[in-house]
Amino acid sequence: MTTSVRFAPSPTGLLHVGNARAAIVNWLFARSRGGSFMLRLDDTDQARSNAEYAARIEEDLRWLGLGWDRFARQSDRLARYQAAAEALRAKGRLYPAYETEEELARQRALRRARRLPPVYDRSALALGAAERARLEAEGRRPHWRFLLEAGSTAWTDGIRGEVRIDAATVSDPVLIRADGTPLYTFCSVVDDIDFGITDVIRGEDHVTNTLTQIQLFHALGAAPPVFAHFALLVGTDGEALSKREAALSLASLRETGIEPMAVASLIARLGTADPVEPRQTLAELVAGFDLSRFGRAAARFDEAELKHLSARILHGMDFARAAPRLREIGLAAAGEEFWRAVRGNLETMADARHWWRVVAGPLAGVIEAPEYLAQAAALLPPEPWGGDVWREWTAALRERTGRKGRTLFHPLRLALTAREHGPEMHNLLPLIGRERAQARLAGRTA
RNA sequence: GACCCCAUCGUCUAGAGGCCUAGGACGUCACCCUUUCACGGUGAAGACACGGGUUCGACUCCCGUUGGGGUCGCCA
């Protein structure tokens with residue numbers, strides 16, 4: 001059977017690095033097996049889902065370069081869930097319960113106080129027809145619970161190995177709300193069956209869901225897919241990453257100039273036995289991708305590491321890849337020579353703007369030693385310039401002024417680029433040109 | 001609180017009883033390159049959480065302690 005996976009975010013917020021990890025891991029898994037990748041919007045929570053977030057999710061996935069082969073939206077499939085619920089009722093696996101949310105909360109608190117696991121006591125199961133009729137006459141509408149089979153459910157997890165969970169430690173899950181709408185746990189299984197999902201790869205926060213979902217697959221007459229649960233990411237201080245969701249949204253990382261391949265390079269490797277290395281393409285990440293390389297302990301996500309990786313990706317980016325990006329930031333005229341000269345000094349792509357002003361103007365240099373710069377301007381070789389113009393020029397200057405090292409170079413760099421640090425002047429000067437250089441050495445904007 | 005999972009350099013990890021004076025990657029530091037800076041290159045420092053067992057022998061197995069993560073929703 002062809003490998004088929006899905007990424008199923010709920011459009012209730014922006015994608016953050018945690019979600020992105022699920023997306024990338026699933027995508028890489030599919031590609032590494034020649035399978036297909038599906039985007040499914042889990043929007044059954046009508047109150048919290050909205051179209052704006054749905055659009056942003058698609059935008060973020062495209063930014064990462066993760067295209068999808070198939071797309072579905074749970075809100076379009078309500079009839080399917082209803083039919084599946086009917087099938088479960090017919091099998092006696094779905095039963096009505098009438099407790100209010102307050103009542104349930106009170107029961108949980110009580111059991112906790114008694115040091116018992118806060119599991120639903122199934123009292124609704126004991127209700128007779130007359131009892132139910134009375135409750136409904138009171139105006140109560142039932143929610144519907146899935147009757148779990150007793151005993152333990154086991155599966156071979158693609159990352160965690162043998163996992164076994166006892167149904168006694170879990171409540172019968174609510175599948176249908178009192179307002180008649182279905183819940184994620186249920187829709188997800190119906191979708192996975194209908195779309196022929198072969199592998200479900202998600203965070204370890206879903207492991208207990210897996211018990212009920214495996215039982216659901218069986219109850220609906222389908223074979224469960226292979227499950228794999230990766231450990232969650234934590235912050236540098238070891239705290240849950242979810243507390244920093246806003247700051248670590250893909251949208252905000254993108255805004256701060258993080259390269260999408262930096263996100264992918266880090267998140268696909270963090271917590272695995274493979275080294276985190278700057279990669280230029282997702283294809284490089286696909287090669288050698290293997291779920292068994294993932295560890296079971298929570299890994300720390302460090303934004304500083306991400307920034308560093310992002311810079312290194314820029315440093316190694318070839319011009320073909322950089323050209324469209326340069327166009328995006330308004331540097332359509334920037335050519336390969338320019339790119340090769342400056343890429344090693346970029347932290348973010350936006351930094352290229354400054355270096356473009358250095359070579360194309362207008363730029364006001366920083367004047368440190370006016371007399372020296374006047375001498376320098378006078379000694380600037382006549383055009384046409386060869387590739388060694390910087391060497392020739394500074395050699396002549398050294399001879400004339402007796403300056404050397406920092407005192408020789410630093411004022412020139414400041415006057416020509418307005419920066420303390422930067423690319424090799426040897427490469428930059430020919431791009432700046434004689435006229436512009438002369439003006440800047442004289443303190444004029446050019 | 002109950003249950004599940006985890007615990008090796010600062011960070012991500014390799015290690016499935018002797019191969020380990022514990023390997024790699026990132027970061028850090030030093031040196032080299034650059035007649036400046038950055039980029040790049042080379043090298044160095046740096047860890048088995050703690051306490052008990054088991055064993056001829058434990059980073060590796062068992063128990064406990066401590067610490068961390070997860071779950072316990074009419075969220076996903």
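Naming: A, B, ... by sequence-line order, numbering from 1 per chain.
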Does A:Leu414 offer a backbone N or O that forms a donor-acceptor pair with the side chain of A:Thr417 under 3.5 Å? no
With the six-membered base ring of B:A76 as reference, does the ring of A:His206 sit under 5.5 Å away with planes under 30° apart? yes
Could you tell me which nucleotide pairs with B:A49 by Watson-Crick or G-U wobble geometry, both distances under 3.5 Å, or answer none if nothing does? B:U65
So that I know where these two stand, are A:His206 and A:Tyr184 an aromatic pair - ring centroids less than 6.0 Å apart? yes
Give a yes/no answer on whether the side chain of A:Arg391 brings an N or O atom under 4.0 Å of OP1 or OP2 in B:U35. yes
Opposite nucleotide pairing with B:C37, Watson-Crick or G-U, both atom distances under 3.5 Å: none
Can you tell me the pairing partner of B:C9 across any strand shown, Watson-Crick or G-U wobble, with both distances under 3.5 angstrom? none
Taking any heavy-atom pair under 4.0 Å as a contact, classify A:Arg177: base, sugar-phosphate, or nothing. base
Using the closest heavy atom to pick a nucleotide of RNA chain B for each, name whichever of A:Asn345 or A:Ala299 lands nearer the 5' end. A:Ala299
Distance test, side-chain N/O of A:Arg269 to OP1/OP2 of B:C12, below 4.0 Å: no
Hunt down the Watson-Crick or G-U wobble partner of B:G43, both distances under 3.5 Å, from any strand shown, or write none. B:C29
So if I take every side-chain heavy atom of A:Arg115 and compare against B:C26, B:A76, B:A2, which nucleotide ends up nearest? B:A2
Side-chain N,O (A:Arg112) to OP1/OP2 (B:A2) below 4.0 Å: no
Non-hydrogen side-chain atoms of A:Leu94 and A:Phe186 separated by less than 4.5 Å: no
A:Ala298 side chain: which of B:G69, B:A76, B:U36 is closest? B:G69
A:Thr394 side-chain proximity, nearest of B:C75, B:G73, B:U35: B:U35
Assess whether one donor atom and one acceptor atom, taken from the side chain of A:Asn209 and the base of B:A76, lie less than 3.5 Å apart. yes
Are side-chain N/O atoms of A:Tyr120 and A:Glu99 paired as donor and acceptor at under 3.5 Å? yes
If pairing means Watson-Crick or G-U wobble with both distances under 3.5 Å, then the partner of B:G1 is B:C72
Which sits closer to the 5' end of RNA chain B, A:Asp205 or A:Arg293, going by the nucleotide each is nearest to? A:Arg293
Please classify the nucleic acid contact of A:His410 as base, sugar-phosphate, or nothing, using heavy-atom distances under 4.0 Å. nothing
Looking at B:G1, B:G73, B:A38, which one has an atom nearest to any side-chain atom of A:Pro118? B:G1
Ignoring backbone atoms, establish whether A:Arg296 has a side-chain N or O less than 4.0 Å from OP1 or OP2 of B:C4. no
I would like to know whether A:Leu61 and A:Trp27 meet side chain to side chain contact (heavy atoms under 4.5 Å, CB included); could you show each step before the answer? CA-CA 11 Å; A:Leu61 288 177; A:Trp27 193 92; over 6 Å; no
Mind running ring pair (Phe, Tyr, Trp, His ring centres under 6.0 Å) on A:Phe338 and A:Trp355 for me, showing each step along the way? CA-CA 9 Å; A:Phe338 166 78; A:Trp355 298 110; 8.8 Å; no
Taking atom C1' of B:C39 as reference, at what distance in whole Å does atom CG of A:Leu428 sit? 13 Å
Looking at A:Arg413, does any N or O in its side chain come under 4.0 Å of the phosphate oxygens OP1/OP2 on B:U35? no
Side-chain N,O (A:Thr44) to OP1/OP2 (B:A76) below 4.0 Å: yes
Once you apply the 3.5 Å cut-off to both distances, tell me the Watson-Crick or G-U wobble partner of B:A14, or none. none
